[in-house]
Amino acid sequence: QAQARPIKVGLVHPITGFLAYSGGQCRMGAMMAIEEINAAGGIKSMGGAKLEALLGDNQAKPEVGVSVVEQMQEAGVSAYIGCFSSAVALPATQAAAKYNTPFVIDVGASDNIVNRGLRNVFRLKPGFNACVDDAIAGLGEINKAAGSAAKSAVLVHEESEFGTGTAKLLAGKLPSIGIEVREVMKHANPTRDFANLALRIRGLKPDLVVMSNYQNEYVLLARTLHQQKVDLAGMFSVLGGGFNYKFVKELPDVAQYMIDTNHWFDPTNARAQAMKKRVEAKGDLFTFEVYLAYNAVKFLADGMERAGSADKEKVNAALAASTWSDHFMPYGPTRMVNGQNTGGKAAILQASKTDIDVIWPTRFASTKAVFPKPRFS
Amino acid sequence: MLEVEGLSKIYGGLRAVDRASLRVAEGAIAGLIGPNGAGKTTLFAAITGFALPDEGRVRFAGVDITGRAPHRICAQGMVRTFQITQPFAQLSVRENIMVGAYLHTPDRDEAAARAEAVARQVGMAALLDRTAAGLTVAGRKRLELARALATRPKLLLLDEVMAGLNPSEIDEIIPVIRGIRDAGVTVFLIEHVMRAVMSLAENVHVLSYGKIIAEGAPRVLAADPVVIEAYLGHGAAQRLAGAAHA
Amino acid sequence: MDATILGAAVINGLLLGGSYALVAVGLTLIYGVLHIINFAHGSMLMLAMYGVYFLLVKAQVDPYAAIPLMVVVMYAAGYGMYRALIGRFSHGKDENILLITLGLSIVLENIALFFFTGDSRNITVSYSDRMIELGPSLVPLPKLVSFGASLLLCAALAWFIARTDTGRAIRAVAKERHGARLVGIDVEKILAVSYGIGIACLGAAACLLVPMFYVAPTVGHLFVIVAFTIVVLGGMGSFLGALVGALLIGLTESLSGLFLGEALGQIGISLIFILILLFRPTGLFGGGR
Amino acid sequence: MSAWRVPVALLAVALAYPLVFRTNFAINFGVLVLFFAVIGQAWNIAGGFAGQLSFGHAVFFGTGAYCSTILHVKLGINPWLGLWASAAAGALVGAFIAALSFRFGLKGSYFALITLAFAEAFRILTNAVEFTGGGLGLLIPLKRSAANFQFPERIGFYYTILALAALSIAIALWLKRSRFGARLAAIRENEDAARALGIDTFREKVKIMALSGALCAAGGTFYAQYFLYIDPVVVFGADKSVEMLLVSMIGGTGTVYGPLIGAFLLTLVGEGTRALTNAQGLSLIIYGGLLIVIIAFLPNGLIDLFKLRWGRRRA
Amino acid sequence: MLEVRGLAAGYGEIRVLDGVDIDVAEGEIVAVLGSNGVGKSTLNNNLSGLYRPFGGTVRFCGADITGADPVRIVEMGLVQVPEGRRVFPNLSVRENLLLGSYRRGRANRARNLERVTATFPRLKERFGQMAATLSGGEQQMLAIGRGMMSEPRLLILDEPSLGLSPMLVDEMFALIRELNGQGLSILLIEQNAVQSLEAAHRGYIIEHGAVAMSGKAADLAANPDLRARYLGL
Ligand SMILES: Nc1ncnc2c1ncn2[C@@H]1O[C@H](COP(=O)(O)OP(=O)(O)OP(=O)(O)O)[C@@H](O)[C@H]1O
Ligand SMILES: Nc1ncnc2c1ncn2[C@@H]1O[C@H](COP(=O)(O)OP(=O)(O)OP(=O)(O)O)[C@@H](O)[C@H]1O
Ligand SMILES: [Mg+2]
Ligand SMILES: [Mg+2]
């Protein structure tokens with residue numbers, strides 16, 4: 001029997017430069033999904049057509065991202081997965097829109113990506129708007145359970161779109177759960193030293209520090225606050241860039257008790273745990289990029305399966321109508337509105353000295369929050 | 001044409017030029033001599049706006065130009081050359097001279113024509129397409145002269161343009177400089193080659209330790225004990241005297 | 001604003017400046033001699049930091065104990081790189097040296113990416129969280145050590161350049177190569193030595209930075225633009241200038257961060273740089289030219 | 001007229017290119033080449049022709065990108081008009097930075113780094129203030145039409161940037177043959193001598209920085225319209241400054257066609273190495289390595305290849 | 001001590017010298033004359049190893065130094081004081097002099113420094129000043145002083161009188177004689193043909209890339225043809 005023609009999926013990630021690590025993690029997750037799908041017999045409705053990954057490096061530059069999209073179009077791509085940074089995702093999705101080629105955003109925080117009316121763009125994970133809503137809801141509950149230990153907060157965020165956007169939303173919503181925002185502090189990328197920031201935070205005496213930053217600044221800031229023994233009820237972050245297993249392993253004292261709202265897998269899901277083991281067995285980290293990209297590919301494959309053809313119009317329609325629920329995220333069934341999945345949800349996590357636990361939503365929680373955390377003195 | 005009054009230039013504690021006053025008459029060839037480090041080059045720099053004088057005034061063609069920017073002084077008609085030559089190293093000789101010629105015309109062809117004429121005048125016609133970086137020291141000196149001439153100056157300040165020429169070459173360039181003067185350009189030159197000073201300059205100023213110590217016709221100065229003591233030395237004075245008698 | 005906060009910010013700033021000086025001294029030496037900005041400086045620092053990291057992780061060598069080894073290794077690396085690539089391929093044009101170091105930085109950074117992945121790594125040594133009380137502020141021990149070391153390094157280099165024959169030869173080569181050859185200076189060798197010493201400084205810098213910082217392929221970028229700024233601010237080729245410039249920039253960064261916020265505060269560096277250059281066009285300690 | 005042979009032939013090739021290679025990929029490639037040629041030339045007329053090396057040309061690029069985009073997004077002004085406003089703003093910023101630096105006698109590396117400081121200052125400011133969108137950047141709403149400087153097809157962008165590239169080369173050609181250009185060359189080679197020959201070096205340097213700034217800013221507007229999104233890092237970042245300098249230096253500084261050749265080769269090498277391997281980092285290792293090899297064998301830039309071929313023609 | 005045979009040299013494709021033969025014996029002053037741009041400096045630069053000759057051989061004290069490295073040539077004691085001075089502008093006068101003994105004569109550095117400053121008291125006055133700010137003549141003194149610091153066996157002087165005042169020119173020629181009297185061999189390139197032929201033992205005239213005439217200095221000075229062409233008499 002003749003083999004069905006492979007379906008080309010373009011992976012557009014920043015594999016070099018500042019975002020290389022995250023881009024590499026995305027690529028790994030997507031590749032794992034593709035291998036899994038192929039091993040299970042490909043897209044059955046299309047005669048078992050295999051997925052073939054086209055790998056692209058967008059170097060976190062808009063012009064390169066667009067070039068990659070065009071290059072893949074030449075190569076006959078059927079769908080794209082990408083792009084990690086919003087600055088690349090915006091022009092890249094736009095370029096793909098010319099051909100109406102489906103574009104599934106795995107990571108990419110800006111809500112503008114899906115709000116522009118491009119009919120080929122889909123995002124499974126919640127945007128930062130939704131993440132902030134979840135963070136507020138979760139933090140509200142946790143705080144209440146602790147007898148409102150936190151009454152005030154200082155926000156610290158990185159200066160680009162992700163941090164600025166998140167902090168803006170948080171600042172608006174924290175008062176609604178009884179937390180007064182003492183100050184919003186923006187810092188540059190990269191920042192080499194947080195000693196002064198720590199100093200000012202100590203001066204403001206907040207109960208909470210709420211952070212949203214990229215990996216390196218996240219770790220550096222946490223480390224400095226720890227070193228300076230700034231006493232807090234807790235450190236809380238939204239999409240904390242450095243909150244992962246490595247952080248716990250390398251700097252256990254710093255990581256302990258830190259709370260993060262993030263994309264997280266459903267810890268009760270056996271497939272998620274199995275995948276985590278597989279990734280860790282390779283010496284890699286099971287970070288959010290990995291499973292977000294993984295699920296993005298799975299979501300795409302499901303759409304293709306239902307479309308029964310690589311026809312772009314049909315795949316787009318299938319994705320738009322998707323009710324996919326075979327993911328291992330703490331999400332409900334998929335429901336796309338303007339390309340954004342409204343069924344997605346972020347989880348709230350806490351680090352112990354050795355591990356990371358889900359503490360909210362309670363349905364998925366593996367342990368109870370330690371909040372407020374013990375004081376230094 | 002040029003009047004310098006009580007001009008001083010001070011570097012740190014050193015009075016490189018010390019209340020120097022002098023005049024250069026229109027249409028003359030005047031000379032400036034003095035021992036090494038006397039302040040001759042510094043005086044030229046102060047006159048042409050390259051160094052801001054600490055005291056004193058400079059008048060050119062009746063206008064006070066003290067402290068004016070060099071390019072404005074040049075546009076008014078006074079141009080200097082550099083003792084330590086400053087060629088536009090990567091440009092050809094032609095392009096070097098054209099830069100000077102462009103002062104009075106925006107037209108490329110006209111500037112090129114002027115450059116060629118000037119090059120012929122100073123004996124560089126054969127080198128027009130050479131890169132300035134490949135010129136010998138003497139070649140660069142001529143280039144300095146040519147570039148300055150191309151700006152159509154009224155007053156030309158020449159800083160040791162004859163250094164590095166052999167005696168017969170000096171004899172060749174002397175009429176060139178006379179020709180320049182005869183074409184209406186006043187010339188004021190610094191020179192250690194007494195052969196040239198003697199035969200060119202009508203009036204010579206002697207600078208020593210920043211001060212003007214003597215002034216007069218070269219022949220008179222060559223016998224002036226003050227000048228011999230400070231500058232010429234007895235050997236040179238004798239040779240000059242010998243040459244004068246021969 | 002609280003006086004203790006201000007005092008602490010001043011101390012933080014000076015200490016931060018100390019770590020900048022570590023990176024800037026080597027750069028200023030290279031800059032003074034080759035007249036170019038060594039674009040590969042950041043990536044060489046990065047490689048050195050990986051070296052220190054792996055020495056600790058794989059061979060349990062304490063970062064501070066690794067200083068002599070790293071200095072020697074980095075000197076050899078710099079010397080070799082100059083001899084094999086920069087000197088040979090630049091054909092004596094400053095502009096080409098710039099491009100080659102730029103090319104090298106791309107290559108080195110991505111070699112690190114290729115072998116070590118883009119992941120950033122942190123280490124913990126027994127003293128990394130040791131805090132010292134310094135007036136109004138708590139200072140991590142490694143920061144204090146690096147500050148002291150940067151003072152020493154600057155002084156040593158300044159002495160070397162001013163007082164030794166090799167130092168004089170380096171300065172001579174910087175401005176007059178033709179003349180240098182005529183007194184029997186092996187110009188190519190002196191250039192390579194200068195480059196080697198500049199890079200050797202990074203070996204020491206890496207050992208001092210790793211206990212308080214992370215290591216990643218792009219970590220060099222963090223220091224390099226600031227170091228450029230410092231070198232120019234101080235006056236190219238001046239070690240005292242590099243030190244004073246670094247402290248000034250650290251202080252500015254710290255104080256403007258305090259008053260303007262950490263993000264906008266970064267503008268302080270640019271502004272102080274622009275202002276100082278306007279009044280001293282050859283930097284704080286730059287000679288004529 | 002033999003002097004016109006090269007530019008006319010180049011223009012003919014460039015005009016025909018998208019008619020022969022019609023895919024969006026090929027046209028996008030052409031757009032990128034011409035785009036880099038424009039900003040590279042902007043750098044080159046200041047850095048190469050006048051010897052005023054800058055490490056911060058992104059300051060003009062970003063000024064242009066933000067100027068037209070703010071006018072468009074916040075005030076509804078048509079980006080075609082914005083293009084002119086951008087060029088004016090770029091010229092203004094160029095003249096301002098130049099006037100300030102040169103008035104105080106900045107030279108060489110000191111000037112290079114002060115431009116970088118300005119670019120950084122602009123980046124941080126745009127990041128901090130509200131009307132530029134701060135760190136969120138500015139998104140230009142999709143409204144595809146030529147009248148809106150958002151061509152429905154890439155070919156429209158191609159001819160637009162071709163026009164800009166042609167203009168930039170015309171400027172360079174004019175500089176090679178004009179008094180202004182000769183004065184810039186003199187300033188580059190030896191400023192003291194230039195002053196002695198009556199050149200107002202301050203004025204000429206300010207003029208060329210303004211011209212360079214205007215051209216670069218026009219490139220910035222084009223970039224914003226092509227990608228429809230800008231943020232402070234993308235347009236004011238040091239990366240852009242380095243790209244401009246690289247394009248010009250690799251091609252041949254101070255030459256008319258250097259930036260074009262450099263842009264073509266670097267874009268080609270960039271695309272090529274990315275297509276060559278997918279291993280993380282490897283493509284850029286090759287890219288950087290090629291860069292070094294090019295310099296090793298063509299120390300005066302790629303333009304030397306052409307000179308060897310057609311005999312050395314001096315400037 | 002110096003034997004040059006059939007030396008051909010130039011720049012790139014330009015051939016400036018073509019078959020030059022020159023000898024300098026121990027203890028001699030030899031003058032090389034020639035008009036502007038004939039290639040005298042080119043000759044020096046090829047002897048000093050700054051450029052590699054196109055052809056021919058250069059032997060110094062018995063060793064073949066054709067195309068050798070300048071470092072080795074200086075080490076052997078063949079030292080050039082170049083045309084255009086080439087002092088180190090960013091170093092002080094003292095440091096310039098110290099570097100003169102970078103490769104040779106380091107042991108007697110202090111003594112030689114004394115000697116140079118005794119010869120040029122002006123330099124002593126300017127000891128701490130940057131060489132760049134010296135007057136043209138002062139720089140010339142510095143260049144000669146720097147050359148003397150390395151205890152040369154053969155000193156090449158390329159237009160040493162350039163830019164010196166007449167009195168200093170006389171002093172310099174006196175110095176050349178004095179140094180020679182102490183046993184130093186000197187190859188003197190000069191435009192001041194009259195005085196250099198007075199000082200020299202022998203002389204060479206270079207024309208069209210080759211030696212056109214050579215002989216005893218006194219004979220050359222008396223040659224009527226040469227008197228007209230080079231001495232301007
Ligand atoms: N920028 C400076 N700083 C310090 N001293 C200086 C500076 N420029 C010149 N001098 C000193 O001023 C004095 C005069 O120098 P100047 O160049 O005018 O001499 P000069 O008469 O032209 O001598 P020469 O005939 O040797 O060229 C010298 O002693 C020199 O060292
Ligand atoms: N670096 C160079 N590149 C190209 N040509 C050069 C270079 N240096 C010198 N020349 C040329 O070589 C020829 C000989 O020059 P050289 O300097 O040897 O002459 P010279 O006899 O010393 O003259 P002068 O008496 O003027 O010093 C000249 O025509 C000169 O233009
Ligand atoms: Mg003088
Ligand atoms: Mg010569």
Side-chain angles (χ1 to χ4, degrees), chain C residues 31 35-37 39 85-86 88-93 95-100 102-118 217 221 224-225 228-229 231-233 235-236 260-261 263-274 277-283 286 289, chain D residues 47-48 53 55-56 97 100-125 127-129 134-135 238-239 242 245-246 248-250 253-254 279-301:
Chain C
Y31 201 87
H35 316 297
I36 53 110
I37 281 179
F39 271 108
L85 291 174
I86 301 174
R88 180 170 309 170
F89 290 166
S90 62
H91 305 273
K93 286 181 73 182
E95 185 174 298
N96 287 345
I97 302 182
L98 186 105
L99 291 182
I100 290 177
L102 189 62
L104 274 173
S105 77
I106 297 175
V107 171
L108 295 176
E109 194 176 310
N110 286 287
I111 285 180
L113 184 61
F114 186 75
F115 287 107
F116 312 138
T117 77
H221 293 252
V224 110
I225 290 207
F228 288 170
T229 311
V231 165
V232 171
L233 186 62
M236 41 188 274
L260 300 175
L264 184 56
Q266 291 284 317
I267 210 171
I269 298 183
S270 307
L271 291 185
I272 196 97
F273 178 74
I274 292 170
L277 274 201
L278 292 185
F279 292 102
R280 283 199 63 96
T282 52
R289 209 178 93 97
Chain D
L53 250 67
F55 285 164
I97 293 177
L100 204 61
S101 327
F102 298 138
R103 180 54 76 211
F104 288 91
L106 281 180
K107 282 203 182 98
S109 309
Y110 296 97
F111 175 70
L113 266 289
I114 211 167
T115 56
L116 176 64
F118 272 106
E120 282 290 289
F122 272 56
R123 178 181 67 76
I124 296 163
L125 268 182
N127 212 325
V129 295
D239 271 2
V242 170
L245 155 163
L246 197 59
S248 173
M249 284 192 175
I250 283 286
T253 2
Q280 196 167 25
L282 199 54
S283 63
L284 283 182
I285 296 177
I286 301 171
Y287 178 87
L290 279 176
L291 214 64
I292 296 174
V293 170
I294 293 171
I295 299 149
F297 291 102
L298 297 167
N300 298 315

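When reading the values below, keep in mind they use all heavy atoms of this one structure, side chains included, and skip hydrogens, waters and symmetry mates.
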Top contributor to chain D contacts, counting heavy-atom pairs under 4.5 Å, from C:Ile100, C:Leu233, C:Leu108, C:Leu277: C:Leu277

4.5 Å side-chain heavy-atom contact, C:Phe89 and D:Val293: no

Atom group of C:Ile269 that falls short of 4.5 Å from chain D, counting heavy atoms: neither

Minimum side-chain heavy-atom gap C:His91-D:Ile295 below 4.5 Å: no

Heavy-atom proximity to chain D below 4.5 Å, by part of C:Leu260: neither

For chain D, the option from C:Leu99, C:Ile111, C:Leu113, C:Leu102 that forms the most heavy-atom pairs under 4.5 Å: C:Leu99

Options C:Ile267, C:Ile37, C:Ile106, ranked by heavy-atom pairs under 4.5 Å with chain D, top entry: C:Ile267

D:Ile286 side chain reached by C:Val107 side chain, heavy atoms, under 4.5 Å: no

Candidate pair C:Glu95 and D:Thr253, rule side-chain hydrogen bond (donor to acceptor under 3.5 Å, both in side chains), full reasoning: CA-CA 9 Å; C:Glu95 185 174 298; D:Thr253 2; 2.6 Å; yes

Side-chain (D:Tyr110) to main-chain (C:Gly235) donor-acceptor, under 3.5 angstrom: no

Residue pair D:Phe118 / C:Leu271, side-chain heavy-atom distance below 4.5 Å: no

Contact class of D:Ala238 relative to chain C, heavy atoms under 4.5 angstrom: side chain

Interchain contact, D:Tyr287 with chain C, by part (heavy-atom threshold 4.5 Å): side chain

Min side-chain heavy-atom separation C:Leu278-D:Leu100 under 4.5 Å: yes

Side chain C:Asn110, main chain D:Ile285, donor-acceptor under 3.5 Å: no

Heavy-atom contact with chain D under 4.5 Å, split by part of C:Tyr31: side chain

Side-chain touch D:Leu113/C:Phe273, heavy atoms, less than 4.5 angstrom: yes

